[in-house]
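Data block below; observations after.
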There are 2 protein chains.
Amino acid sequence: MSGAEITIGALSEQTGVNIETVRYYERIGLIPPAHRSAGGRRVFDTDDVQRLSFIRRARQLGFSTDEIRSLLDVAKGARACKDAHALAVKHRDAVRASIRDLRRLERTLTEAADRCSKGASPGCAIVEALSH
Amino acid sequence: MSGAEITIGALSEQTGVNIETVRYYERIGLIPPAHRSAGGRRVFDTDDVQRLSFIRRARQLGFSTDEIRSLLDVAKGARACKDAHALAVKHRDAVRASIRDLRRLERTLTEAADRCSKGASPGCAIVEALSH
DNA sequence: GCTTGCTCCTGTAGCCACTACAGGAGTTAA
DNA sequence: TTAACTCCTGTAGTGGCTACAGGAGCAAGC
């Protein structure tokens with residue numbers, strides 16, 4: 001029992017997580033089923049705000065919902081910190097690979113766009129670049 | 001009528017595009033409906049190989065199927081090169097933005113992972129980083 | 001001519017992480 | 001009491017594929 005009773009709308013505002021997304025997280029079991037008011041509405045507390053904020057930050061860092069499940073386990077002590085470390089490193093390596101790919105991509109796009117704007121090519125330089 | 005009659009399997013091998021994906025592209029109208037053999041099977045030619053290779057390269061550069069539709073229009077002269085240029089520049093800017101985001105992300109992940117492996121934090125540094 | 005094994009066909013459903021309804025019910029302020 | 005608002009469930013859509021199930025065409029060997 002931590003603090004006030006919070007509606008789903010207030011929870012959404014405080015955490016920046018969409019109302020529909022909160023319900024979705026409940027549905028897939030990322031957050032536990034919320035308590036209900038007499039009228040059947042979800043009631044949250046400050047613990048839920050904490051948890052949802054945690055999830056949101058993890059999502060912003062690109063962790064998948066499954067990875068977040070593991071991170072939440074680490075947070076509540078049900079799993080070793082080592083696992084969180086492994087996840088973070090694995091994810092960071094994936095991010096690094098993405099950056100490398102995107103850099104190459106950016107170069108290719110820039111080259112094509114530059115040749116095009118200079119009107120050096122007879123046809124369209126971008127179409128040309130994609131044709132072989 | 002350009003060249004030999006090519007099955008969907010051969011087309012897939014020559015272009016590196018999955019068979020199911022070829023059928024998917026036909027379904028969404030990214031490629032025109034293929035001609036059929038007497039037995040009802042799709043028959044392709046070298047023009048189709050060209051087109052599909054074009055599409056594949058564009059996908060590898062991260063263009064959406066809708067953007068590729070426009071690029072194909074430019075390729076066949078039904079749309080100005082200017083439009084392709086605009087698309088490429090817009091896409092390149094999006095890629096640049098992604099790179100910036102991922103760099104920040106990579107830094108955050110590295111910092112958290114490093115603090116964790118050094119065992120400097122009392123709890124888990126990664127969980128800590130996500131908690132506020 | 002028949003069988004075996006391969007390729008291909010259509011149609012549907014699943015993936016991820018949401019997002020967007022429709023149609024109804026609880027809640028609050030004037 | 002009425003209006004405006006928030007919330008409820010359930011379902012379907014997004015993009016770009018991918019993965020079946022259940023059937024049919026086709027080529028080679030016997």
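Labels below follow one simple rule: chain letters A, B, ... track the order of the sequence lines, proteins then strands, and each chain is numbered from 1. Hydrogens, waters and symmetry mates are skipped; everything else that's a heavy atom, side chains included, is used.
Distance from the side chain of A:I19 is smallest for D:dC7 among the nucleotides D:dC7, C:dT27, D:dG16. Checked against D:dC26, C:dC8, C:dA20, the side chain of A:E20 finds its nearest nucleotide in C:dA20. For A:N18, whose side chain is taken as the heavy atoms from C-beta onward, the closest listed nucleotide among C:dT19, D:dC7, C:dC18 is C:dT19. If you check C:dC8, C:dT19, D:dT9 against the side chain of A:Y24, the one that comes closest is C:dT19. The side chain of B:R23 sits closest to C:dC8 out of D:dT18, C:dC8, C:dT19.
A:E5 has its CD atom 14 Å from the C1' atom of C:dT27, to the nearest Å. Between the CD atom of B:E26 and the P atom of D:dC17 there is a distance of 15 Å, given to the nearest Å. Here C:dG26 presents its P atom at 17 Å from CD1 of A:I8, a figure rounded to the nearest Å. The CZ atom of A:R36 sits 16 Å away from the C1' atom of C:dT27 (whole-angstrom rounding). Here the C1' atom of nucleotide C:dT19 and the OH atom of A:Y25 are 12 Å apart, to the nearest Å. Put simply, CZ on A:R42 is 17 Å from P on C:dA25, counting in whole angstrom units. Taking atom CD1 on A:I31 and atom C1' on C:dA17, their separation rounds to 14 Å, with Å as the unit. If you take CD1 of B:I6 and P of C:dT7, they are 17 Å apart, rounded to a whole angstrom.
Using a 3.5 Å distance cut-off with no hydrogens or angles, the side chains of B:T46 and B:Q50 do not pair a donor with an acceptor.
A:F44 has its side chain out of reach of A:L52: every pair of non-hydrogen atoms, C-beta onward, lies at least 4.5 Å apart. A:I126 places none of its side-chain heavy atoms less than 4.5 Å from the side chain of B:V74.
Under 4.0 Å is where a charged nitrogen must lie from a carboxylate oxygen, and between A:D66 and A:R69 at least one such pair does.
Neither OP1 nor OP2 of C:dC18 sits under 4.0 Å from any side-chain N or O of A:R27. A close approach under 4.0 Å does not occur between any side-chain nitrogen or oxygen of A:S64 and OP1 or OP2 of C:dC16. Taking only side-chain nitrogens and oxygens, B:T7 comes nearer than 4.0 Å to OP1 or OP2 of C:dC8. Residue A:T21 has a polar side-chain atom (N or O) positioned under 4.0 Å from OP1 or OP2 of C:dT19.
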Stepwise side chain to side chain contact (heavy atoms under 4.5 Å, CB included) check, A:I68 with A:R59: CA-CA 8 Å; A:I68 293 174; A:R59 283 294 301 132; 3.5 Å; yes
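A:F63 comes within 4.0 angstrom of nothing in the nucleic acid, heavy atoms only.
Checked by distance alone, A:R41 brings no side-chain donor or acceptor within 3.5 Å of a matching partner on the base of C:dT27.
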